[in-house]
J.: 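Sharing a structure below in structure tokens format, with a few things to ask.
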Amino acid sequence: MQDFEFHRAQTISEAVHLIAEDEGALLLAGGQTLLPTMKQGLATPSALVALRDLPELTAITARGDGRLEIGAMACHADVAASTIVRQRLPGLAALAGKIADRHVRNRGTLGGSIANCDPAADYPAALLALNAVIATNEREIAAGDFFIGLFTTALERQEIVTSVHFPTVARFAYGKFSNPASRYAIVGTAVAKTADEVRVAVTGAGADGVFRWTEAEARLSECFGPRAINGIEPDAAMLNSDIHASAEYRASLIRVMTARTIASILAAE
Amino acid sequence: MIPLSLTVNGKKVSLEVEARTLLVDLIRSHLRLTGTHIGCDTSQCGACVVHLNGRSVKSCSVLAVACDGDEITTIEALAGLNGELHPMQQAFADCHGLQCGYCTPGMVMTAISIAKEREHLDPSELREELHGNLCRCTGYQNIVKAIVAGAEAMKQG
């Protein structure tokens, strides 16, 4: 690994200042993707600005407006074990408890995961299905506007994710068909049903990253059950093919995993 | 070079390292604690698992300079002064939970962190929890047996 400068920011504004003055600087959250990427020489930052000394970024709080606010530096293990998350959004706690492996979950963070925006990461599907809002040091961004493409978000260069606000949705679950080695999603489906709408978000499969499966949403709004999506699949042309699964197989998996996710929501009632 | 102070196996350590130094390299090369192994160096295998502030992490995926002020526990801290094995180490020996032994330090450190977190160990849950640790010779049957036995012995400890 190439050497770099290392800073531990003591405030968010210090972190912003440090990445502003050095174009090659990157933020370091849990580092569970960034460090392996740097070891492979695929990222060569001139400096890393660590966010771990900012305790205000790790809080998990139930807000007065009914939303659940999770700090960007909350690690996956803390989200999975949080009493507040387990009570208010148990599907999200379950998702966090199935990311990667226990060692990665002790280090990897919510903010790091969504800012990295890996097309096979789990959290983006949950944020999109739940219509979550991403808070940064500058503004609030709806999940639908945040995830732009492969490893691409709406974040500006000097913008830092501070927390994510999740609406408390009783009927929410995430289902993952994992790669057995990496635990990344070959297909992951998040389903949220509110009084007004049903949202289905898919990760691991889209050629442009996480996406909403609107055809399924329309059917499920009429009738919420696994059979409502019998016979439909997303167009394989918009899905990716790789060594693990063809686009056609992913299309089929999306239908199957969405149906299973819906069944798990109904079974929990 | 960046100054760094941390506690390793109960001892305060102060030294200077390059920013790019991984925690596993600090442990093995700077502190000469070579019980922690590097199996893959790509964050897959878990041979390098240590406890960082009481939680299991892959030390090949953590920067040493990010651990300033932290507490690290490695496999060397487990056995007693006279060489008596930790109950989890003893269980691995008794249950034939190792063959070549390369993955064992990471397996044992992982096993202890799982045992401390859970009141009861269900073997299927345990297999799920072992996803971050690869063994390429013994297979997992005896490792799972060893962890169940070791966790029980730790409780009685």
Side-chain angles (χ1 to χ4, degrees), chain A residues 1-10 25-53 58 73 75-78 80-81 94 97-109 112 176 178-184, chain B residues 1-4 16-25 38-70 106-107 109-118 125-134 147:
Chain A
M1 200 192 317
Q2 283 187 25
D3 207 14
F4 46 85
E5 284 186 43
F6 184 77
H7 309 281
R8 286 172 69 149
Q10 299 303 310
L26 289 177
L27 295 167
L28 175 66
Q32 297 302 286
T33 300
L34 181 55
L35 291 176
T37 308
M38 288 168 64
K39 284 204 264 182
Q40 291 177 325
L42 298 173
T44 51
S46 53
L48 290 183
V49 179
L51 299 175
R52 60 163 295 201
D53 289 335
T58 58
M73 286 293 284
C75 72
H76 309 321
D78 286 349
K98 296 279 186 199
I99 296 173
D101 59 57
R102 60 181 283 112
H103 317 304
V104 171
R105 291 194 291 272
N106 279 335
R107 203 76 188 158
T109 67
K176 171 159 71 162
S178 303
N179 177 315
S182 72
R183 318 304 309 282
Y184 271 109
Chain B
M1 300 291 268
I2 298 174
L4 176 63
E16 290 196 345
V17 295
E18 287 183 319
R20 63 179 169 175
T21 306
L22 297 168
L23 178 58
V24 71
D25 294 325
I38 300 173
C40 65
D41 207 25
T42 53
S43 315
Q44 315 283 321
C45 80
C48 66
V49 166
V50 299
H51 296 176
L52 171 55
N53 297 332
R55 301 177 110 173
S56 66
V57 299
K58 294 173 185 166
S59 60
C60 80
S61 300
V62 176
L63 290 175
V65 289
C67 300
D68 194 30
D70 290 344
M107 284 287 181
M109 296 309 286
T110 301
I112 291 171
S113 69
I114 296 170
K116 283 184 176 169
E117 271 172 35
R118 286 165 188 261
E125 265 183 286
L126 185 51
R127 284 168 192 275
E128 182 71 27
E129 288 295 315
L130 284 177
H131 254 290
N133 295 76
L134 301 182
I147 296 174

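Naming: A, B, ... by sequence-line order, numbering from 1 per chain. Since the structure is predicted, the reported quantities are computational estimates derived from the model, not experimental observations.
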J.: Can you confirm whether B:V65 sits close enough to A:L48 that some side-chain heavy atom of one is under 4.5 Å from a side-chain heavy atom of the other?
T.: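 A side-chain contact is absent here, since even the closest heavy-atom pair is not under 4.5 Å.
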J.: Indicate yes or no: at least one non-hydrogen side-chain atom of B:L63 is less than 4.5 angstrom from one of A:F4.
T.: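 They are in contact (side-chain heavy atoms under 4.5 Å apart), so the answer is yes.
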J.: So do B:T42 and A:K39 actually touch side chain to side chain, heavy atoms under 4.5 Å?
T.: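 Sidechains of B:T42 and A:K39: no contact.
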J.: Restricting to non-hydrogen atoms, name the atom on A:Q32 and the atom on B:S61 that form the minimum distance, rounded to 0.1 Å.
T.: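 Between these two residues, the closest heavy atoms are NE2-O, 3.1 Å.
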J.: Checking heavy atoms, do the side chain of B:L134, its backbone, both or neither come under 4.5 Å from chain A?
T.: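 When you check distances to chain A, no heavy atom of B:L134 falls under 4.5 Å.
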J.: Please determine whether a side-chain nitrogen of the Lys or Arg among A:D78 and B:R55 lies less than 4.0 Å from a carboxylate oxygen of the Asp or Glu.
T.: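 Judged by the 4.0 Å cut-off on N to carboxylate O distance, A:D78 and B:R55 do form a salt bridge.
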J.: Go through B:L22, B:I2, B:D41 and name the one with the most non-hydrogen pairs under 4.5 angstrom from chain A.
T.: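 Winner by heavy-atom pair count: B:D41.
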J.: Which region of B:S113, side chain (C-beta onward) or backbone (N, CA, C, O), has a non-hydrogen atom less than 4.5 Å from a non-hydrogen atom of chain A, or is it both or neither?
T.: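 Backbone plus side chain of B:S113, per the 4.5 Å heavy-atom cut-off to chain A.
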J.: Which atom names give the shortest non-hydrogen contact between B:A66 and A:R107, and what distance separates them?
T.: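 Between these two residues, the closest heavy atoms are CB-NH2, 4.0 Å.
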J.: To the nearest 0.5 Å, what is the distance between CZ on B:R20 and CE on A:M38?
T.: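 These two atoms lie 10.0 Å from each other.
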J.: Before giving the answer on salt bridge (charged side-chain N to carboxylate O under 4.0 Å, His left out), spell out for B:E128 and A:R102 the whole-Å C-alpha distance, their side-chain angles and the decisive distance to 0.1 Å.
T.: CA-CA 9 Å; B:E128 182 71 27; A:R102 60 181 283 112; over 6 Å; no
J.: Please round to the nearest 0.5 Å and tell me the distance separating atom NE2 of A:H103 and atom OG of B:S56.
T.: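 Reported value, rounded in 0.5 Å steps: 4.5 Å.
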J.: For B:L130, is it the side chain, the backbone, both, or neither that has a heavy atom closer than 4.5 Å to a heavy atom of chain A?
T.: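 For B:L130, there is no contact with chain A at all, as no heavy atom is under 4.5 Å.
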J.: If you count heavy-atom pairs under 4.5 Å between each of A:D101, A:D3, A:L34 and chain B, which one has the most?
T.: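 Most heavy-atom pairs within the cutoff with chain B belong to A:D3.
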J.: Under 4.5 Å from any heavy atom of chain A, what part of B:V49 do you find: side chain, backbone, both or neither?
T.: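 When you check distances to chain A, only side chain atoms of B:V49 fall under 4.5 Å.
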J.: Among A:V104, A:L35, A:N106, who wins on heavy-atom pairs under 4.5 Å with chain B?
T.: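 Most heavy-atom pairs within the cutoff with chain B belong to A:N106.
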